[in-house]
Amino acid sequence: MSKPRPDLSVIPIREAQPILSAWIRPRIPLKLIHTHEKISDADLLALAILRYLHKMPYFSRWWHFLKVEVRFVLPSLTQAHVRLKRLLPVLETLLNEVETLDFALIDSEPIPVCRFKRAKHCKFPQASFGFTTQGMIYGFKLHAWALPNGRIVRYLIRPAHEHDLNAGEQMNADWPTYGGPKIIGDKAYVGGGYITPPKTNARYPDLRWRDEYHAARKAIESAFSSVAGRGLRWGQVKTIWSLRLKVALVLIAYNLRFQNFGPVNP
């Protein structure tokens, strides 16, 4: 009799890696495997994602752990970084796959790139000062759409100073291809065509708002809380591509909870 696959974060890495690789392999482009490459692209991505399932803050320590403790035969740390950089567009495409939606929840989450007191000495490309729900930061914001169950289906990284409405407008560029879903936002999105809660001093409150949307909005807030716990602000990144890679891997690791890998035989 078959039974559901266990959580990939609690089974041994040697068992979790092939399961995750099998899910990734048909979703990435095929390429010539050179003799000097010790693992495939799918295996490399699976191990990079598992790092965030096991909450390992630094990639160098994770790679050393896999080589020494788990005894994987792996490429060098430098080669792994180069290959992951090449695969970044593939990861971002996986997270922004078009699908027909009825409802979506929109919100933003701050991604500081350094401590605020050191921001004047931090020269991170495209980063900026911006005000968030956590106060002033220096860095970026993660803008995302999530389903009522919490799965993130679309995202965008923008400088911290950019208003949520501006970033939301960029995300809405492909709104028709997603089936024209109703998008529920908080009060920061008032005036952008979203379904938003009425402000206390609103002259013309949004008549589409329903009380049950308050509970629905908790789904994306919980999603961001889980994403932050998986490592959204861990470690130190120094380039925009490394930030994009970290965000993509963290979001995929989070979304795995909604993925059905199929049954396993005892």
Side-chain angles (χ1 to χ4, degrees), residues 9 20 24 28 39 41 43-67 74-96 107-144 152 154-162 164 167 170-171 223-256:
S9 64
L20 192 50
I24 293 172
I28 63 176
I39 59 174
D41 286 347
D43 292 341
L44 176 64
L45 290 175
L47 292 175
I49 293 168
L50 284 171
R51 169 194 163 197
Y52 289 99
L53 287 178
H54 288 268
K55 300 184 178 182
M56 187 76 75
Y58 298 100
F59 187 73
S60 57
R61 294 182 183 177
W62 172 246
W63 217 239
H64 182 267
F65 169 77
L66 292 176
K67 285 185 174 183
L74 300 174
S76 67
L77 188 64
T78 300
Q79 187 181 88
H81 274 297
V82 170
R83 291 177 63 185
L84 287 172
K85 182 177 180 179
R86 174 176 56 80
L87 291 166
L88 176 58
V90 177
L91 288 171
E92 293 178 329
T93 301
L94 285 176
L95 283 159
N96 287 299
D107 210 342
S108 64
E109 177 74 5
I111 313 177
V113 295
C114 67
R115 294 182 181 179
F116 186 73
K117 65 180 181 180
R118 297 183 179 180
K120 292 182 179 180
H121 306 287
C122 183
K123 297 181 180 179
F124 196 103
Q126 302 179 31
S128 67
F129 290 94
F131 186 78
T132 71
T133 53
Q134 299 179 15
M136 286 292 295
I137 68 161
Y138 180 74
F140 298 84
K141 283 184 183 179
L142 169 66
H143 303 266
I152 293 175
R154 184 165 170 75
Y155 79 102
L156 182 69
I157 302 172
R158 298 302 302 159
H161 75 277
E162 191 165 318
D164 289 351
Q170 295 178 52
M171 296 184 70
F224 279 149
S225 177
S226 181
V227 166
R230 290 234 174 257
L232 184 64
R233 294 188 284 270
W234 288 350
Q236 184 179 17
V237 291
K238 298 180 180 180
T239 62
I240 188 64
W241 85 261
S242 58
L243 175 67
R244 287 168 52 195
L245 178 63
K246 178 173 75 169
V247 170
L249 290 172
V250 169
L251 293 182
I252 290 177
Y254 164 77
N255 272 352
L256 286 179

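- With sequence neighbours left out, the side chain to side chain donor-acceptor pair (under 3.5 Å) criterion links Ser128 to His161.
- Ile28 contributes atom CD1, which lies 5.5 Å from atom CG of Leu45 (distance to the nearest 0.5 angstrom).
- For His81, the ring-ring contact (aromatic ring centres under 6.0 Å, His included) partners are Phe59, not counting sequence neighbours.
- Considering Val227, Leu142, Ile49 in turn, Val227 is the only one that fulfils the side chain to side chain contact (heavy atoms under 4.5 Å, CB included) rule with Val250.
- Sorted by first and then second residue, the salt bridge (Lys or Arg N to Asp or Glu O under 4.0 Å) pairs with a member in residues 231-250 read Glu92-Arg244, Glu109-Arg233; sequence neighbours excluded.
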Leu91 vs Leu245, side-chain contact (heavy atoms from CB on, under 4.5 Å): CA-CA, chis, key distance, verdict
CA-CA 8 Å; Leu91 288 171; Leu245 178 63; 3.6 Å; yes
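- Atoms CG and CG, from Leu94 and Leu251 in turn, are 11.5 Å apart once rounded to the nearest 0.5 Å.
- Interatomic distance, Leu47 CG to Leu249 CG, rounded to the nearest 0.5 Å: 11.5 Å.
- The stretch residues 54-63 participates, sequence neighbours left out, in no side-chain hydrogen bond (donor to acceptor under 3.5 Å, both in side chains) pair at all.
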Determine all donor-acceptor pairs shorter than 3.5 Å in which one atom belongs to a side chain in residues 112-125; sequence neighbours excluded.
none

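- To the nearest 0.5 Å, atom CD of residue Glu162 and atom NE2 of residue His143 are 6.0 Å apart.
- The side chain to side chain contact (heavy atoms under 4.5 Å, CB included) search around Gln79 returns His36, Pro75, Ser76, Arg83, not counting sequence neighbours.
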